[in-house]
Amino acid sequence: MPELPEVEVIKKSLNHRLKKQFITNVWTSKFRMRSQLTAQDQELVKGKMIEKVSRIGKFLVIQLPDSFLLLHFGMSGRLLIAKNNEEIKKIQSTKHVHFLLGLSSIYIFLHDQRRFGGVRLVRKSEADSIVSLKKILNIGVDPIEDLFRPRDFFKKTARVKRNIKSYLMDGSKIAGVGNIYATESLFRAGVNPETPTNKLSLAAWSRIIGCIQFVLTIAIKQGGSTLRDFTDPTGKRGDFTTNHLVYGKKNFNCVVCNARLDAKLINQRTTVFCKFCQKRN
DNA sequence: CTAAAAGCCTGTACGC
DNA sequence: TGCGTACAGGCTTTTA
Ligand SMILES: [Zn+2]
């Protein structure tokens, strides 16, 4: 799911609700997830106060005094909240709830149909700061939080033959950009997704980076993109989907030149693009 | 019936 | 040698 904007939307909604709340209750489902808390992790977390909620790449980070509680949403994950017994019962009776945190005056749930997401606890003995956590998770430059400079990437990729789309989607290089936002950004930058990074001009890098930042920022303002499952913690769907120009629009007409949009598998992921408008490398 | 969907990890092969 | 990358496959449920 959730690429950077969707996790950012969850983070913004959750931070003010969870800050200074104490963890009273932890529950995990019996289904296998990508990762899940151990019994020891669950004991360690109980009674702890949440300092703040932040984001690293596509991870939601619940910061505790002695550890970081990480939630990843995979392809179909959602975070749900409940404020009273009625709401709690309602969510617990639905299928696909795999993690629960009970807090002083709110409950949060990880709902994940396909279970590509997961939960992980990193103790401060392993990572004592957000910076070292980012290293452990092998997460690259954050497009909206960090310095994201064309010249740096132009230099870094001068000898890298890899295609630009798989580079953008590589979380160890650039944080949080997945299939939707890589596809949309490259269209808006006018760059063919198969262009080898060492063939990109500095000007092309400038457009790519500018478009990534623009698309992500607007997407956050619109509450993210809902394809099927995604909602914010209050159940609201993301409206950025209506601003998609190419993603999911194979065989539609290009909004710029009216030609038919092409689709191609790049990195095992469907990539829609305009072969006429995306030549500016 | 098959294909595809927001992600990412693993194993193997290969080239610099 | 060793690192980065390419590619296939796997994980899983649901919907078209
Ligand atoms: Zn076009």
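Just so we're on the same page: letters track the sequence lines, and every chain starts at 1.
The hydrophobic clustering, which links ILVMFWY residues whose side-chain heavy atoms are closer than 4.5 Å, places Val272(A) and Ile164(A) apart.
Arg78(A) places a side-chain N or O within 3.5 Å of a backbone atom of Asp229(A) that can act as its donor or acceptor partner.
Lys275(A) and Asn192(A) are not linked by any side-chain donor-acceptor pair at a separation below 3.5 angstrom, with hydrogens and angles left out of the test. In summary, the side chains of Lys46(A) and Thr24(A) do not present any donor paired with an acceptor at a separation below 3.5 Å, with no hydrogens or angles considered.
For His72(A), the side-chain atoms get nearest to dC8(B) when compared with the rest of dT15(C), dT13(C), dC8(B). Closest approach to the Asn179(A) side chain among dT14(C), dC11(C), dG7(B) is made by dG7(B) (side chain taken as heavy atoms from C-beta onward). Taking only side-chain atoms of Arg32(A), from C-beta outward, the nucleotide of dA5(B), dC11(C), dC8(B) with the closest atom is dC11(C). Listed nucleotides: dT5(C), dG7(B), dT14(C). Nearest to the side chain of Gln113(A): dT14(C). Side chain of Leu227(A), nearest nucleotide from dA6(C), dA5(B), dT13(C): dA5(B). Of all nucleotides listed (dA6(C), dC9(B), dT12(C)), dC9(B) comes nearest to the side chain of Arg34(A).
Stacking here means ring centres nearer than 5.5 Å and ring planes tilted less than 30 degrees, and by that measure Phe116(A) does not stack onto dC8(B).
Rounded to an integer number of Å, the gap from Gln268(A) CD to dG9(C) C1' is 8 Å. One interatomic measurement links the two molecules: CE of Met33(A) to C1' of dG7(B), which rounds to 12 Å at whole-angstrom precision. Nucleotide dC8(B) holds its C1' atom 14 Å from the NZ atom of Lys173(A), rounded to whole Å. Rounded to a whole Å, the CD1 atom of Ile266(A) is 13 Å from the P atom of dA5(B). Met169(A) has its CE atom 13 Å from the P atom of dC9(B), to the nearest Å. Taking atom NE2 of His98(A) as the reference point, atom P of dT12(C) lies 11 Å away to the nearest angstrom. The interatomic distance linking Leu265(A) (CG) with dA4(B) (P) rounds to 7 Å, in whole Å. Summarising the geometry, the separation between CZ on Arg228(A) and P on dA3(B) is reported as 17 Å, rounded to the nearest angstrom.
A cation-pi contact, defined as under 6.0 Å to the ring centre and within 45° of the axis, links Lys124(A) to Phe68(A).
Residue-level contact check: Asn267(A) touches neither bases nor backbone, having no heavy atom under 4.0 Å from any strand. Ser225(A) comes within contact range of at least one nucleobase, with a heavy-atom separation under 4.0 Å.
The side chain of Lys95(A) places an N or O atom within less than 4.0 Å of a non-bridging phosphate oxygen (OP1 or OP2) of dT14(C). Residue Thr270(A) places at least one side-chain N or O closer than 4.0 Å to OP1 or OP2 of dA5(B).
With a cut-off of 3.5 Å on both Watson-Crick or G-U wobble distances, the partner of dG15(B) is given as dC3(C).
The separation of dT2(B) from dG9(C), taken at their P atoms, amounts to 16 Å, rounded to a whole angstrom. Taking atom P on both nucleotides, dA8(C) is separated from dA3(B) by 15 Å, rounded to a whole Å.
In the interface, the side chain of Glu3(A) is not paired with the base of dG7(B) through any donor and acceptor atom under 3.5 Å apart. Not a single donor-acceptor pair, N or O on each side, falls under 3.5 Å between the base of dC11(C) and the side chain of Arg115(A).
Ion pairing between a basic and an acidic side chain is recognised when a charged N comes within 4.0 Å of a carboxylate O; Asp128(A) and Arg123(A) show no such pairing.
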